[in-house]
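We name chains A, B, ... by the order of the sequence lines, and we start the count at 1 in each one.
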2 protein chains.
Amino acid sequence: MSDERRNATVSTGRERRVGSQVQREVMQLILDRRLPAGAPMPTEVELMESLKVSRNSVREALKALQALDIVEIRHGYGTYVGQASLSPFVDGLTFRTLAREGDDAHALGEILQVREVLEEGLVRRVAEALGDAELDELEDVIQRMEAAARAGEAFPELDREFHEKLYRSLGNALVPQLLAAFWNVFHRVAGVRGWTEDPSLTVTARRHRDILTALRARDVEQAQRAMADHFRGIEARAWQETLGVK
Amino acid sequence: MSDERRNATVSTGRERRVGSQVQREVMQLILDRRLPAGAPMPTEVELMESLKVSRNSVREALKALQALDIVEIRHGYGTYVGQASLSPFVDGLTFRTLAREGDDAHALGEILQVREVLEEGLVRRVAEALGDAELDELEDVIQRMEAAARAGEAFPELDREFHEKLYRSLGNALVPQLLAAFWNVFHRVAGVRGWTEDPSLTVTARRHRDILTALRARDVEQAQRAMADHFRGIEARAWQETLGVK
DNA sequence: GGGGATTTGTCCGTATGTATC
DNA sequence: CGATACATACGGACAAATCCC
């Protein structure tokens, strides 16, 4: 009722935050009620009554929160608490890359560099902790990669699966999501720009095989080098493509 | 000119993409017209006429795009192309962390780990390329840090400045923004949770000094270790705080 | 499968607040 | 200060989608 909730809100302080007040109030509502992802939100009518604003204002706030994947709106059904995934990050980074017209090769290079640094450091941390069971799982993924490569089929899903399994033992849920986000941006931009799909499937499969081989040998340095080579390959391909387009 | 831009759109294909149709059309409008950040957008009236939708739909789409920092709306003035910054990422990650009630220490630990891996790898890449001029700039920042620490004042801005200058030679604009994003999430969550501000300013200043010393000696390994220690300190403080609160 | 209830999507008209010149 | 252009907000109405009985 009172406006004395300046403390303990999401706001950073006096700084101007995201557009509307309603938006923050809805976020706060989720936090206050401890609503988990997937839980049903109040209907628009309930919100306009409890927040004492018009339905238009409620809808605008919900639309903004939907863009951040904080709520999920289903037409004719209801509104639910969202997954708070990194998809807004992917959308934003994709747009940002596409908007830097003529310089998107550099922008993609930046994304690749970040991912490369990340994975190089991560593989170092995970190399010693990987057990035989995990290595066998990775072996399985690699074999399916090699089979797909021989069949001339791309294997984006296997790629994702490899990197996810590789870092699972970290117990860090943010890592695979971040990596997937970078991967999505890269391939979405490539798709929009009309670049060809992986022209060298067998090479890509071999890069992954090299990483696994190094991990099996418990050779951290070699694993790091293999990971670096993996990215060097992607980078070279990207540059080649952009040069070809230009 | 024509409506033949079904190809080369933002859409990945048939997959359900970001919320509404209008939203995508406005994004596409920015890309098609090559509007740079800060450029004025069509007014709401112009958009509702050119897109043939009501004012309400236009406003909802713009609100969503504003949440992604793709457009910037100034009340009573106009709408402008946004900076496409990482602030939506910060908002989303902050909410996500706060929403995982009772487990936010772990969530913060995940963020710290990612930042630690990133900076450890980055400092390695930048160590050899740093010239005397850059080192002197860093020295200046450190000295201001030490002065602030002696005066008992926190120096978040100097912290940010140090890490930005450190990685400037990479020529990667994404890196400092990503690091700043993680930093913002961390401190915003800490603020909401009511944790105390840096209890050990002199220690924090010394960690940074250690990094610079290692860099001056061109000792990559030592720089990496110093960076790791820097984060170990943050981590310990975070855990201590959460334990104290609980 | 039909029909009614609920909920979100879209639209219109109007009034108000705000920034620029 | 006034004039103008623009975003903000409200209320009402109807369409579309979904669910449940």
Side-chain angles (χ1 to χ4, degrees), chain A residues 3 11 14-30 33 35 37-83 87-88 91, chain B residues 11 14-30 33 35 37-83 87-88:
Chain A
D3 286 344
S11 168
R14 75 208 182 290
E15 196 177 347
R16 64 112 186 73
R17 285 255 17 85
V18 281
S20 97
Q21 172 78 13
V22 183
Q23 196 172 326
R24 268 176 290 153
E25 288 178 312
V26 175
M27 281 175 67
Q28 201 62 45
L29 181 147
I30 298 175
R33 300 191 185 177
L35 295 180
M41 294 277 297
T43 68
E44 294 179 353
V45 180
E46 288 173 321
L47 282 176
M48 61 185 278
E49 285 169 354
S50 83
L51 301 180
K52 295 186 171 57
V53 291
S54 74
R55 190 156 96 97
N56 269 333
S57 302
V58 170
R59 285 187 55 76
E60 285 174 10
L62 289 179
K63 274 283 187 176
L65 293 177
Q66 184 188 37
L68 298 175
D69 198 24
I70 286 177
V71 306
E72 181 187 346
I73 307 176
R74 286 187 234 171
H75 187 176
Y77 191 32
T79 307
Y80 297 80
V81 179
Q83 303 295 323
S87 61
D91 291 336
Chain B
S11 168
R14 75 206 181 291
E15 195 178 348
R16 65 109 187 75
R17 285 268 1 97
V18 61
S20 86
Q21 173 76 13
V22 184
Q23 198 171 324
R24 267 176 291 151
E25 289 178 310
V26 175
M27 282 176 66
Q28 199 62 46
L29 181 148
I30 298 175
R33 300 190 185 179
L35 296 179
M41 292 279 298
T43 68
E44 293 181 353
V45 181
E46 289 173 319
L47 282 176
M48 60 186 278
E49 286 168 354
S50 82
L51 300 181
K52 295 186 171 57
V53 291
S54 75
R55 171 180 238 102
N56 232 318
S57 303
V58 170
R59 286 187 53 76
E60 287 174 8
L62 288 180
K63 277 282 187 179
L65 292 177
Q66 184 188 38
L68 297 175
D69 198 23
I70 286 177
V71 306
E72 180 188 349
I73 307 176
R74 283 187 239 170
H75 188 166
Y77 191 32
T79 306
Y80 297 80
V81 179
Q83 304 294 324
S87 61

Nucleotide D/dA5, atom C1' - distance to CE of B/Met41 in whole Å
17 Å
How long is the line joining CD of B/Gln66 and P of D/dA7, in whole Å?
12 Å
At 4.0 Å (heavy atoms only), tell me whether B/Val45 reaches a base, stays on the sugar-phosphate, or touches nothing.
nothing
Does the base of C/dG9 carry an N or O that pairs as donor and acceptor with the side chain of B/Asn56 under 3.5 Å?
no
Nearest-Å distance, CE (B/Met48) to C1' (D/dC6)?
13 Å
Classify the nucleic acid contact of B/Ile73 as base, sugar-phosphate or nothing, counting any heavy atom under 4.0 Å across all strands shown.
sugar-phosphate
Mind calculating the distance between NZ (A/Lys63) and C1' (C/dT10) to the nearest angstrom?
11 Å
Rounded to whole Å, the CD-C1' distance (B/Glu72 to D/dC6) equals 15 Å
B/Thr43 side-chain N/O to D/dA5 phosphate OP1/OP2 under 4.0 Å:
no
Nearest heavy-atom neighbours spanning B/Gln66 and B/Ile73
NE2-CB, 3.7 Å
Could you go through nucleotides 13-21 of chain D and list every protein N or O atom that sits under 3.5 Å from one of its N or O atoms, giving the distance for each pair?
{"unit_1": "D/dA16", "atom_1": "N3", "unit_2": "A/His75", "atom_2": "NE2", "d": "3.4"}

Contacts of B/Ser50 meeting side-chain hydrogen bond (donor to acceptor under 3.5 Å, both in side chains) (sequence neighbours excluded), chain-then-number -> none
Here the salt bridge (charged side-chain N to carboxylate O under 4.0 Å, His left out) pairs for residues 40-50 of chain B, sequence neighbours left out, are B/Glu44-B/Arg55, B/Glu44-B/Arg59
Separation of D/dT8 P from A/Glu60 CD (nearest whole Å)
8 Å
If you compare every side-chain N and O of A/Thr79 against the phosphate oxygens of C/dT7 (OP1, OP2), does one of them come in below 4.0 Å?
no
Choosing from D/dA7, D/dC10, C/dC12, which nucleotide comes nearest the side chain of B/Glu44?
D/dA7
Starting at atom CG of A/Leu47, determine the distance to atom C1' of C/dT7, rounded to an integer number of angstrom.
12 Å
Point-to-point distance, once rounded to the nearest 0.5 Å, from CD of B/Glu60 to CG of B/Leu65:
12.0 Å
Could you give the CD-to-C1' distance, from B/Glu46 to D/dC6, as a whole number of Å?
11 Å
Those residues at least two apart in sequence (or on a different chain) that pass side-chain contact (heavy atoms from CB on, under 4.5 Å) with A/Asp69 are A/Gln83, A/Ser85, A/Ser87, A/Pro88
For A/Thr79, check side-chain hydrogen bond (donor to acceptor under 3.5 Å, both in side chains) against everything at least two apart and list the hits.
none
So, OP1 or OP2 of C/dG9: does either fall under 4.0 Å of a side-chain N or O from A/Arg59?
yes
Contacts of type salt bridge (Lys or Arg N to Asp or Glu O under 4.0 Å), residue B/Arg74, not counting sequence neighbours
B/Glu72
